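Below is one structure, written out as structure tokens; the observations come after it.
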There are 2 protein chains.
Amino acid sequence: MATGTNSLELVVLGLLKEQDMHGYELKKRMTESLGLIMHASWGSLYPALARLEAKGAVKAVEARPAIPNIPMTGSLGGERAVFRLSGEGPRGSRNKKVYGITDIGSALFSAMLNNDSEIDEKGFAIRLAFANHMDSEKRLKMLRDRRDLILERVKSSRRNSEKKRFALEPYVELVLEHFRLNNSSDLAWIEDLIAKEESSIQTPETEIMVSQEVQDNL
Amino acid sequence: MATGTNSLELVVLGLLKEQDMHGYELKKRMTESLGLIMHASWGSLYPALARLEAKGAVKAVEARPAIPNIPMTGSLGGERAVFRLSGEGPRGSRNKKVYGITDIGSALFSAMLNNDSEIDEKGFAIRLAFANHMDSEKRLKMLRDRRDLILERVKSSRRNSEKKRFALEPYVELVLEHFRLNNSSDLAWIEDLIAKEESSIQTPETEIMVSQEVQDNL
DNA sequence: AAACTGTTATATCGGGTTGATATATCGGAG
DNA sequence: CTCCGATATATCAACCCGATATAACAGTTT
């Protein structure tokens, strides 16, 4: 059994929920819109797609109605295109494999998204990025779990720094303090999200509000 | 050839520079004092130690003779125990392998620390944590490179968000904006470090000052 | 038309990391 | 004495990263 949630598979399924794509397009899309959060390499993306296909979570579908691939110069290019299209499997004019998500994939996406055992920074950020597919209860639990974890980590780090028996490398404390500040910033952010979530539960018709007061900063 | 700098090996060497330690102690030390920055697992630490030993960068100071590779299914547990007891035993005499850094190891540490090709968050934080072993020039270059990288990433992310042709998942923008804020915070911090470094270059006798005005925050 | 340069597109490899698990010793509590 | 938790080393499958190979296509230059 796979250990916990595989973030990459989660992202792939999440993106394929929006529209069918092939591997190259998936990577482009990831680095364009999620580049600050995560980053996939070829050596992880294609195996992930293969795994998902083996599970039946995605399947190669017919090429999207793409830009008409009309050869501008006579029939030679056309012949090649026809030859390529004659091969088995749904592929576009080029050697593309366009994947679509299946019902199994949708179920797997939900299962991964709602899997509580995810703890690391990246996994949290990715789950939160797709949090509109979770129900409010799960979202709240995820936020509170994350808050508790960060709180504990910062306290532990501060405790360990204060009882430093040995003189640490001079730069270590500097880096640690900055990390603690970042964690505190994360904490405040998450508290804010929790508060918003709680108030939106009391008034269920309220829309999710993307905070606008975050715009004025360096 | 190993690609670029291996952060784990760098940390191991950096800690062994302070004092001799065995694997368990190294991990304890890491999670205690660097836990916010990085985290090593057994499956990476022991192989790293083995690699370093093979390179001659570290050597066992109080090593027991290695236990032969007897298949675990065999009934030779007793023999192993006896074999282990045959070593000399100053204090405790447990099955510990205490490692110390060699001259080769020190040279490797410097080489890794001054290797410019490191780019990811963790690698930067670790190098900075040991930055007192770098000369001022290298330190400045590292800081400036990092600043430029983050600047470019944030700008790129903002660019991509602004020309969003499709409606993204509603939570994605929320997460991205927070990551951009964190990056801006990192940026300001690094700019500050650069300024301090530059001013300390102009007056070479000045000691490295660990910033004290960072203390009053949430 | 040929030759180039850059983008699109898939795939694989070595080496390293993770999280789990196995094994065994030791110190202290009950 | 026995149980239990901390100490201590090691290995495994699955997975990820960075680099590299291969090739079709597009646009421009020669």
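Protein chains get the first letters and strands the later ones, always in sequence-line order, with residue 1 at the start of each. It should be emphasised that the depicted structure is a prediction, and the values quoted were computed from it without experimental measurement. Quick note: numbers below take in every heavy atom, side chains included, and nothing from hydrogens, waters or symmetry partners.
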| task | Check whether any side-chain N or O of A:Tyr24 sits under 4.0 Å from OP1 or OP2 of C:dT10, and answer yes or no. | result | no
| message | From CZ of B:Arg51 over to C1' of D:dT11, roughly how many Å is that when rounded to an integer? | response | 15 Å
| Will you find, in the side chains of B:Asn182 and A:Asp186, an N or O donor that is under 3.5 Å from an N or O acceptor? | yes
| message | From C-beta outward on B:Lys96, which listed nucleotide comes closest to its side chain: D:dT7, D:dC17, D:dA8? | response | D:dA8
| Under 3.5 Å, is there a donor-acceptor pair linking the side chains of A:Glu32 and B:Asn160? | no
| request: Inspect the contact between A:Lys59 and A:Glu53 and indicate whether a charged nitrogen and a carboxylate oxygen are less than 4.0 angstrom apart. | output: no
| Rounded distance in Å - CG (B:Asp120) to P (C:dT17) | 12 Å
| field | Terminal helix-axis angle for the helix from C:dA1-D:dT30 to C:dG30-D:dC1, with five pairs defining each axis and rounding to 10 degrees | value | 10°
| field | Ring-ring centroid check A:His22 A:Tyr99, cutoff 6.0 Å | value | no
| message | I'd like to check the salt bridge (charged side-chain N to carboxylate O under 4.0 Å, His left out) partners of B:Lys27; sequence neighbours left out, ordered by chain and number. | response | none
| request: Quick one: list whatever passes side chain to side chain donor-acceptor pair (under 3.5 Å) with A:Asp120, sequence neighbours left out. | output: none
| request: Check the distance between C:dT12's C1' and A:Leu49's CG and give it to me in whole angstrom. | output: 15 Å
| Distance, rounded to the nearest Å, where B:Met38 contributes CE and C:dG16 contributes P | 15 Å
| field | d(CG, A:Asn115; P, C:dG19) in whole Å | value | 14 Å
| remark: Result for side chain to side chain contact (heavy atoms under 4.5 Å, CB included) between A:His133 and one of A:Arg127, A:Arg139, A:Lys138, A:Lys17 points to A:Lys17
| Nearest-angstrom distance from the residue atom NZ of A:Lys122 to C1' of D:dC15 | 11 Å
| How would you list, by chain and number, every residue that makes a side chain to side chain donor-acceptor pair (under 3.5 Å) with A:Lys141, sequence neighbours excluded? | A:Asp145
| Quick one: A:His22 NE2 to D:dC25 C1', roughly how many Å, whole number? | 13 Å
| remark: With sequence neighbours left out, the residues meeting side-chain contact (heavy atoms from CB on, under 4.5 Å) with B:Leu149 are B:Arg146
| DNA chain D contacts made by residues 39-47 of chain A, counting heavy atoms under 4.0 Å | A:His39, A:Ser41, A:Trp42, A:Gly43, A:Ser44
| According to a strict under-4.0 Å criterion, is A:Lys97 in side-chain N/O contact with OP1 or OP2 of C:dA11? | yes
| Quick one: B:Glu9 CD to C:dG15 P, roughly how many Å, whole number? | 13 Å
| query | Are A:Asn6 and D:dC16 close enough that a side-chain N or O sits under 4.0 Å from OP1 or OP2? | reply | yes
